[in-house]
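Structure first, then comments.
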Amino acid sequence: MAIILVCFILIFVMFYNKTIDGKKFIVDNEKYFQHLREEDYDFFVQLKYGEEVDCDELFKKRVMNGVMFGFIFLVLFLTSINLVNIVLMIAVAFAVFKLPYMQLKSYYKAHLHEIDLLLPYYLKGLEILIQHYTVPVAIGKSIDDAPPIFRAGLRKMVERINAGDASIDPYMEFANTYPVRDSMRMMRLLYRLGLGSQERKQERLMMFSRSVSNLQNKAREVKYKERLGKMEGQTMKMLVVTGVGVMVIILIAMLNMFSM
């Protein structure tokens, strides 16, 4: 125990005096740590904290925390280093590194329902813009007024389209990013809106408009059911509280009668 305590003190002094520079270690080996970076990490970070957040800095903190906890685990078992403890050290470091990503992913899943309700209203605004502009231009103009949760995905879509990707892939990537009700079908319809003649565009726009209206109606039904469910829940609570209160009053009254 004394050896471990001395090791901790020495390590603290070395970090304090910059003899061991954790940040420099992360920067020097950044290209190796980048292999551990999840493809959707930046998206999840911006979804939770906004587009202004520095994703690279948060990733470095994840790596630093993982390395630090792994190092602490190693010091704790310094007197009995073996293969099992080394494997446990790597597992602890990786778990600490992975935990923030899992929390971000859970946050995203928890907000999928919110995205589900917001998408039809965004598409309705986009439909109005498409009447005056081409589909890519309309999407670009819609970003600033779009719900914040969609903006990162929309910017990525527009960047790919402007870079010359005329396939359906940018639209499908957006649909995969937001896998909510009918997102795949709506993105296919949106892609087809940009193809063909002006006459065909009007025909497809009408189809797109009907689909958006159906989605809006479904969203309204969901909101209505949620409100109804909350009202029923509150009513049940009131009835239970009232019933319990009446029973308590009756019980008190009966006890008073028996005590007389």
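Here, residue 1 is the first one in the sequence, and each next residue gets the next number.
- Below 30°, between 30° and 60°, or above 60°: for Phe174 and Phe150 the angle between ring planes is between 30° and 60°, a tilted geometry.
- The line from CG of Asp40 to CG of Leu104 is 9.5 Å long, rounded to the nearest 0.5 Å.
- Hydrophobic clustering places Leu58 together with Val67 (ILVMFWY residues linked when any side-chain heavy atoms are closer than 4.5 Å, directly or through intermediates).
- Note on Val45: it does not cluster hydrophobically with Leu99, by side-chain heavy-atom contacts below 4.5 Å among ILVMFWY residues.
- Residue-environment remark: OH (Tyr178) exceeds the threshold of 12 foreign heavy atoms within 6.0 Å.
- Between Leu118 and Pro147 the shortest heavy-atom distance is CD1-CB, 4.0 Å.
- With rounding to the nearest 0.5 angstrom, the CD1 atom of Ile168 is 6.5 Å from the CZ atom of Arg192.
- Across every non-hydrogen atom of Ala93 and Gly66, the tightest pair is CB-O, 3.2 Å.
- Aromatic ring centres of Tyr107 and Phe44: separated by at least 6.0 Å.
- Ring to ring, Phe97 and Phe59 are close: their centroids are under 6.0 angstrom apart.
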Worked check of side-chain contact (heavy atoms from CB on, under 4.5 Å) between Leu36 and Tyr101: CA-CA 11 Å; Leu36 299 173; Tyr101 172 75; over 6 Å; no

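- Heavy atoms only, all atoms of each residue included: Ser183 and Ala175 are closest at OG-O, 3.6 Å.
- Remark: Leu129 CG to Thr134 OG1 distance equals 11.0 Å, nearest 0.5 Å.
- Linking Ile, Leu, Val, Met, Phe, Trp and Tyr whenever their side-chain heavy atoms come within less than 4.5 Å leaves Tyr133 and Leu126 in two separate clusters.
- Taking a cutoff of 4.0 Å between a charged side-chain nitrogen and a carboxylate oxygen, Lys156 and Glu159 do not qualify as a salt bridge.
- From Arg37, atom CZ reaches atom NZ of Lys60 across 9.5 Å, with rounding to the nearest 0.5 Å.
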Trace of the side-chain contact (heavy atoms from CB on, under 4.5 Å) decision for Arg151 with Asp144: CA-CA 8 Å; Arg151 289 175 189 168; Asp144 291 337; over 6 Å; no

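- The structure places CZ of Arg185 at 10.0 Å from CZ of Arg188, a figure rounded to the nearest 0.5 Å.
- One distance of note links CG of Asp169 with CD1 of Ile161; it measures 10.5 Å at 0.5 Å rounding.
- Cluster membership check: Ile128 does not share its hydrophobic cluster with Leu190, using side-chain heavy-atom separations under 4.5 Å among Ile, Leu, Val, Met, Phe, Trp and Tyr.
- Of the possible donor and acceptor atoms, none in the side chain of Tyr122 sits under 3.5 Å from a partner among the backbone N and O of Ser142.
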From CA spacing to verdict: side-chain contact (heavy atoms from CB on, under 4.5 Å), Gln34, Val63: CA-CA 10 Å; Gln34 285 297 329; Val63 174; over 6 Å; no

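- Two different hydrophobic clusters hold Ile130 and Val137 under the rule that ILVMFWY side chains link at heavy-atom gaps under 4.5 Å.
- Classification of Glu38 and Lys98 as a salt-bridged pair holds, one side-chain N sitting under 4.0 Å from a carboxylate O.
- Side-chain contact check for Glu173 versus Met157: every heavy-atom pair is 4.5 Å or farther apart.
- At least one donor-acceptor pair closer than 3.5 Å links the side chain of Tyr191 to the backbone N or O of Ala166.
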